[in-house]
Amino acid sequence: ATAALLIDEDLDDIGLGSQFRSDVLSGLSQARKAIPARWFYDHRGSQLFEEITVLPEYYPTRTEVSILTEHCGEIAQAVGRGRVVVEFGAGSATKTPLLLDRIDAAGYVPIDISGDFLRESCAPLIARYPALPIHPVEADFNAPAKIPQALAGRDRLGFFPGSTIGNMEPAAAIDLLRTMRETLGNGSMLLIGMDRIKAESTLTAAYDDAMGVTAAFNLNLAHRINRELDGTIPADALRHRAVWNDERARIEMHLEALQDISFTVDGYRFAMASGETIHTENSHKYDERGATTLLLGGGWEPRCIWKDKEDRFMVILADA
Ligand code: AVI
């Protein structure tokens, strides 16, 4: 059976467009230039990210899938049956079924800012689980979301794979965890993927792969600015950098100027000296104590932690 997808909330595209503009203009005006990583994900950026996830150096995706596959029985037992699965970010074809296959969910609610991405990612799930109520919600999950009335009264399981939490500064990550707690309510659980601190060489290789896909992903932000905000950034004069910041336990991605450059964005002029960077992403890594501290700060009590044999990644189940 095929069901028509009803998107519960519509975002104002114009509002989102001007948010991109103001984030870029204010980010480039700072003494240390920085643009939020969320703006990587236009159509091309999302494609490049999908390519990253299968690169030999990029271990997180395949490691998380292997943890979910190996421990799905224990996860299902700890979660119990009949919960509504609320996924923050539209489901990835490989991860969501690992959960839905085992836990006899009462419904599935993916929340994503992109309606197109929601439609694309829900289609195979509708085909695979014709009896499962699927209610996509088009919204920014950084604000409390309303779970569709049709699924009210059931305990919920939040699903936040991919170590996406790592792309946020700790304070913002705690805010998001609290917002998730509010969206999911009492009696809920959260299954979250978190990337672990490990050898620097493994980390930098994962974020600066030999084929240059991550470089293209980073540079696409400059191209996107040129395309959408009438920019003149000379992308050829920028290079991708991925550096480990040990003090903050995070990989940072930057776009570094190879020479002195100047350019305009939406009519505003900016200059970069040779060696100056635009900071485009943080990807925080955690040990068990760091993960626990973050979750407790966000209102979640960790119950189980599953890891791979090489200790690269962890999946944590926490109680509200
Ligand atoms: C989406 N996020 C968890 C990825 C990460 O690993 O931080 C984004 C990414 N950036 C470069 N490669 C992948």
Side-chain angles (χ1 to χ4, degrees), residues 34-65 67-68 87-96 110-114 117 121 140-142 159-170 172-173 176-177 191-224 238-245 248-256 277-286 290-291 294 308 312-316:
I35 296 173
R38 63 187 287 229
W39 299 115
F40 279 139
Y41 302 93
D42 64 351
H43 186 68
R44 180 72 188 131
S46 303
Q47 267 178 349
L48 285 164
F49 178 64
E50 288 303 312
E51 287 178 35
I52 287 173
T53 62
V54 293
L55 287 169
E57 297 94 332
Y58 193 76
Y59 61 84
T61 310
R62 75 177 66 88
T63 308
E64 185 177 45
V65 167
I67 295 169
L68 289 169
E87 183 161 4
F88 298 96
S92 89
T94 42
K95 292 174 196 168
T96 315
I111 305 176
D112 199 279
I113 202 161
S114 159
F117 198 48
S121 60
D140 180 354
F141 58 64
N142 289 289
F159 186 40
F160 196 40
S163 200
T164 307
I165 192 85
N167 294 131
M168 295 172 164
E169 301 275 351
L176 175 60
L177 290 166
L191 190 64
I192 183 169
M194 294 171 104
D195 196 11
R196 292 176 62 86
I197 297 169
K198 59 185 65 63
E200 183 173 342
S201 56
T202 308
L203 286 164
T204 48
Y207 290 83
D208 194 4
D209 61 282
M211 269 167 52
V213 183
T214 311
F217 174 70
N218 198 4
L219 282 158
N220 179 58
L221 182 61
H223 293 298
R224 180 179 186 187
L238 296 174
R239 76 159 174 142
H240 165 66
R241 297 277 324 271
V243 286
W244 172 244
N245 181 333
R248 298 191 176 206
R250 69 190 191 194
I251 282 279
E252 297 181 359
M253 296 212 312
H254 294 257
L255 290 170
E256 181 186 307
T277 75
I278 306 172
H279 187 169
T280 50
E281 184 181 63
N282 293 313
S283 193
H284 293 86
K285 310 300 169 190
Y286 309 92
L294 200 72
D308 58 297
R312 290 188 156 191
F313 200 92
M314 57 192 157
V315 173
I316 303 180

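A quick note: this is a predicted structure, and the numbers were derived from the prediction, not measured. Indexing begins at 1, ligand by ligand and atom by atom, following the structure's order.
- Salt-bridge annotation for R62 and E64: absent, with no side-chain N of the basic residue lying under 4.0 Å from a carboxylate O of the acidic one.
- Across all their heavy atoms, I165 and G193 have their closest contact at CG2-O, 4.3 Å.
- Close contacts between ligand 1 and S163 involve ligand atoms 3 (C) [criterion: under 4.0 Å to a heavy atom].
- In terms of protein heavy-atom proximity, atom 2 (N) of ligand 1 is closest to N167 OD1, 2.8 Å.
- Shortest contact from atom 10 (N) of ligand 1 to any protein heavy atom: E281 OE1, 2.7 Å.
- Using a 4.0 Å heavy-atom cutoff, Y58 is listed among the residues neighbouring ligand 1.
- Heavy-atom minimum distance, D208 versus A242: CB-CB, 4.2 Å.
- At under 3.5 Å, a nitrogen or oxygen of Y207, whether backbone or side chain, sits near a nitrogen or oxygen of ligand 1.
- The shortest contact between atom 7 (O) of ligand 1 and any protein heavy atom is with S283 OG, 2.6 Å.
- For the ligand labelled ligand 1, residue G166 lies outside the 4.0 Å heavy-atom shell.
- Remark: R196 CZ to M194 CE distance equals 10.5 Å, nearest 0.5 Å.
- Using bins of under 30°, 30° to 60° and over 60° for the plane-to-plane angle, the ring pair H254/H279 lands in the parallel bin.
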Apply the test ring pair (Phe, Tyr, Trp, His ring centres under 6.0 Å) to residues Y41 and F217: give CA-CA distance (whole Å), side-chain angles for both, the deciding distance (0.1 Å), then the verdict.
CA-CA 9 Å; Y41 302 93; F217 174 70; 5.7 Å; yes

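- Nearest approach of E281 to A37, heavy atoms of both residues: CG-CB, 3.8 Å.
- Using 4.0 Å as the threshold, G162 has a heavy atom nearer than that to some atom of ligand 1.
- Contact annotation: for Y41 versus ligand 1, heavy atoms closer than 4.0 Å belong to the side chain alone.
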